[in-house]
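Below: one structure, written as C-alpha cells.
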Amino acid sequence: MAPRVLIVEDEQDLASVMSYNLRADGFETARVDTVAGARHELGARRYDLVILDLMLPDGSGLDVCRWIRAQGPLRDLPVLIASARSEEVDRIVGLELGADDYLVKPFAVRELVLRVRSILRRTEPPPMREDQIEFGVLRVDRGAHRVFVEEQEVHLTALEFRLLTTLLERRNRTQSRDMLLVDVWQLSARLDSRTVDTHVKRLREKLGAAASYIRTVRGIGYRFVGTPDEPESN
Ligand code: CA
C-alpha cells in the first residue's frame, strides 16, 4: 500500500508541486490549507506522514503539531515541518513539539521527497512477523506450527516445517543448497547437499497440490515461487 502523505500548505502552487512529486515517487497525497482543515482531515483518515507549513491563514502549524502529539491515535504520526521561517527558534520549537524534521523554504522538491522517505524509514515499525501466511492453496500457521493445503492439514516434521517457512519467507529468491543447509539445518559445513534434495522431495510429496510452489533451480538449489499461479516455465 502506498504511504499516505497529508500536505498542509496554503501556497497552492507549492502544494501542487509537492503533491505532484510525491505522487510521482509512489506516495498518495491529500492537501489542506488551514489548521482547521488539517485537524479535520487527520481525524477523518489515516495518514503515514504530515508535511506542515507553519504560517497558515487561521493559525500556526506549530499548533497542529502540538495537537497531533496530544492525540492518542496520532501521537506517533511523523511530521515534517516545511516553513519559510528559518529562525532557529521555530526549528527548536518545532522539534521540541515532536516534529521529525524541519525543512526551510525555499527547498528543492527532490530534497523534500528524500526527507519524507528517510523519516518513513526511520519511524517504520520493525516488520511484523506474519503468523498466518496464506499463499494460494497453502496456509501456514507459524504460531501453531501447522500447515494446511486446500484446508487439509499436512503433518510436517519440525525440520520440514523450517524448510518450508524458510523458502516461503524468501519467496521468489533462489536458495542454494548450501544456504539451506546453514539456515535450516544449522550446519556450517558443506556436509552433503543431497540431504536438502531428499527433504525437499519428501516435503513436496506431503504438500501435494502446493508442491509446485517449490521450484528446482538446476545446479543451484530451490526457489519458492513469487505468486501462487506462476507458470511452470523454468
Ligand atoms: Ca504559509
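Numbers here simply count residues along the sequence, with the first being 1. Remember, it's 1-based here, ligands and their atoms both numbered in the order they're listed.
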May I ask you to check whether [X] brings an N, O or S atom to under 3.0 Å from the Ca ion (ligand 1)?
{"X": "Met55", "value": "yes"}
{"X": "Asp10", "value": "yes"}
{"X": "Glu9", "value": "no"}

To check you understand the geometry: which heavy-atom pair defines the closest contact between Gly136 and Tyr213, and what is its length? CA-OH, 3.3 Å

[X] side chain to [Y] main-chain N or O, any donor-acceptor pair under 3.5 Å?
{"X": "Arg146", "Y": "Glu153", "answer": "no"}
{"X": "Gln152", "Y": "Val149", "answer": "no"}
{"X": "Glu9", "Y": "Glu11", "answer": "yes"}

N/O/S atom name from Asp53 that is nearest to the position of the Ca ion (ligand 1): OD2

